[in-house]
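Down below is the structure, laid out as structure tokens.
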Amino acid sequence: IVRADDDPPGVFYLKSGFARLYTVSPSGQELTFNVLKPGCYFSMMWAIGGTANTRFFEALTDIELWRAPKDELLAFLQKEPEVLYELTRRILIGLDGLLGVVESLLFGNAYNKIATALIVAAKRFGKKKETGEIIIELPLTHQFISSLACLTRETTSVVMKEFENGGLINNKKPFLIITDLERLN
């Protein structure tokens, strides 16, 4: 949708589908910062904060985007404090979640990192079934989970197999099922 180091062509609203915000290390490893779901706005750091866009935005599924010019958005937000308040509230909730993930990435081992990635995905994209299991309705490949946990795909695959053998998850492609969120937590 937008490449790193390119100025976005405006501010986007994700009407449907899923996208991600990610970066690539000098060695080529991807790190996914956020998975955007319907109702999310993006390019806000660039539009409101005036910061350069240094990250990629990529569609994960078929998406529908709405786009507003930066100047029109800024003028609208200055006239609508209630909308600005709601936007700020959403940003702060997202920041709190991001800080939890950063904490896990900095202090956790591979098991903690992957468990955190799965728990966040379950909270944001999961639907609880009558059995208590949570189905994550976002295709999560081992490669994608590794980009969330800042690990190699090989390490992620080993840990995911151990989680599956331990009864914590069930991989019913294309979706992942968390069978015991409490134990995973």
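If you're wondering where the values come from, they're calculated on a predicted model, not measured in any experiment.
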Worksheet item: Angle class for the Phe57/Phe42 ring planes (parallel below 30°, perpendicular above 60°, tilted otherwise)?
Response: parallel

Honestly curious: do [X] and [Y] fall in one hydrophobic cluster under the side-chain, below-4.5 Å linking rule?
X	Y	value
Tyr13	Leu77	yes
Ile178	Ile119	yes
Met45	Ile1	no
Leu168	Leu151	yes
Ile48	Trp66	yes

Closest contact, heavy atoms only, [X] versus [Y]:
X	Y	value
Pro38	Gly17	CD-O, 3.2 Å
Arg55	Tyr22	CB-O, 3.5 Å
Arg124	Lys37	O-NZ, 3.0 Å
Ala4	Thr54	CB-O, 3.4 Å
Gly126	Ile134	CA-CG2, 3.6 Å
Val11	Ala47	CG2-CB, 3.4 Å

With a 4.5 Å limit on heavy-atom distance, are the side chains of [X] and [Y] in contact?
X	Y	result
Arg90	Met44	no
Glu30	Phe56	no
Cys150	Gln29	yes
Phe12	Leu36	no
Leu176	Met160	yes
Leu181	Lys128	no
Leu99	Glu103	no
Leu118	Ile145	yes

How long is the span from the [atom1] atom in [X] to the [atom2] atom in [Y], to the nearest 0.5 Å?
X	Y	atom1	atom2	result
Arg20	Leu31	CZ	CG	9.5 Å
Tyr41	Ile91	OH	CD1	11.0 Å
Ile177	Ile169	CD1	CD1	10.5 Å
Asn185	Asp180	CG	CG	10.0 Å
Ile136	Asn171	CD1	CG	10.0 Å
Glu133	Lys127	CD	NZ	16.0 Å

Checking the side chain of [X] only, and the main-chain atoms of [Y] only, is there a donor and an acceptor separated by less than 3.5 Å?
X	Y	value
Asn112	Asn109	yes
Thr141	Phe144	yes
Asn53	Arg3	yes

Result for side-chain contact (heavy atoms from CB on, under 4.5 Å) between Ile114 and one of Val158, Leu184, Thr156 points to Thr156

Please indicate whether [X] has more than 12 foreign heavy atoms, meaning atoms of other residues, nucleotides or ligands, lying under 6.0 Å from its [atom1].
X	atom1	result
Glu182	CD	no
Glu64	CD	yes
Arg183	CZ	yes
Asn165	CG	yes

- Item | Residues Leu14, Ile63; criterion side-chain contact (heavy atoms from CB on, under 4.5 Å); working and verdict | CA-CA 7 Å; Leu14 185 60; Ile63 60 172; 3.9 Å; yes

query = Quick one: do the Ser157 and His142 side chains pair a donor with an acceptor below 3.5 Å?
reply = yes

Aromatic ring centroids of Phe125 and Phe18 under 6.0 Å?
-> yes

